[in-house]
Amino acid sequence: MIVGDIPPGKDELWVLFNCRGEGKAEIILEPGINMPSTCLDDLISPIMNRLDLGQRKTLTMRIQAPDSVEWALRVTR
């Protein structure tokens, strides 16, 4: 699923991802950044990443996860 585009900027990105359900999920920032995570069936799994990307072009954010995984995403700068 394509979540949206992130315009270029000077500050780092904070990516907060929560998931629940048996399976693997992956946050993809195209081009070039993959953040895989394992989601658990009975537990909400929070993941926070700080990305210092410098001056890059616009990034497209995608999430890949099976239907068994519920997830929530928040990106801030």
Side-chain angles (χ1 to χ4, degrees):
M1 163 188 280
I2 293 178
V3 177
D5 291 330
I6 300 171
K10 295 179 187 175
D11 298 331
E12 65 271 351
L13 288 178
W14 290 92
V15 179
L16 175 60
F17 184 74
N18 295 307
C19 62
R20 178 178 62 189
E22 190 69 32
K24 301 222 181 246
E26 187 168 23
I27 303 165
I28 303 164
L29 290 168
E30 296 171 338
I33 299 169
N34 293 25
M35 295 177 276
S37 61
T38 300
C39 305
L40 304 173
D41 194 30
D42 296 333
L43 183 66
I44 295 175
S45 302
I47 297 143
M48 182 179 281
N49 290 293
R50 177 184 168 268
L51 304 172
D52 188 4
L53 303 173
Q55 291 286 356
R56 285 198 175 201
K57 297 178 182 177
T58 298
L59 298 170
T60 299
M61 179 168 274
R62 298 171 13 119
I63 304 293
Q64 288 184 337
D67 290 339
S68 60
V69 172
E70 298 174 340
W71 56 270
L73 174 71
R74 181 176 182 171
V75 179
T76 59
R77 186 166 262 149

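Every value quoted in this text rests on a predicted model; they were computed, and no experiment measured them.
- The line from CG of Asn49 to CZ of Phe17 is 10.5 Å long, rounded to the nearest 0.5 Å.
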Donor-acceptor pairs are to be reported for all side-chain atoms of residues 69-77 against protein atoms at under 3.5 Å, with residues two or more places apart or in another chain.
residue : atom : partner : partner atom : Å
Glu70   : OE1  : Arg20   : NE           : 3.3
Glu70   : OE1  : Arg20   : NH2          : 2.6
Arg77   : NE   : Asp11   : O            : 3.4
Arg77   : NH1  : Pro7    : O            : 3.0
Arg77   : NH2  : Pro7    : O            : 3.3

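- Among pairs with a residue in residues 45-55, those fulfilling salt bridge (Lys or Arg N to Asp or Glu O under 4.0 Å) read Glu12-Arg50, at least two apart in sequence or across chains.
- Take Thr60 and apply the side chain to side chain donor-acceptor pair (under 3.5 Å) test, not counting sequence neighbours, and it matches Asp5.
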N/O donor to acceptor pairs below 3.5 angstrom from side-chain atoms of residues 26-41, sequence neighbours left out:
residue : atom : partner : partner atom : Å
Glu26   : OE2  : Asn34   : ND2          : 3.1
Glu30   : OE2  : Arg62   : NE           : 3.2
Thr38   : OG1  : Lys24   : NZ           : 3.2

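- As a member of the Ile/Leu/Val/Met/Phe/Trp/Tyr network built from side-chain separations under 4.5 Å, Leu16 groups with Trp14, Met48.
- Listed by chain and number, the hydrophobic cluster partners of Ile2 come to none, as no ILVMFWY side chain reaches under 4.5 Å of it.
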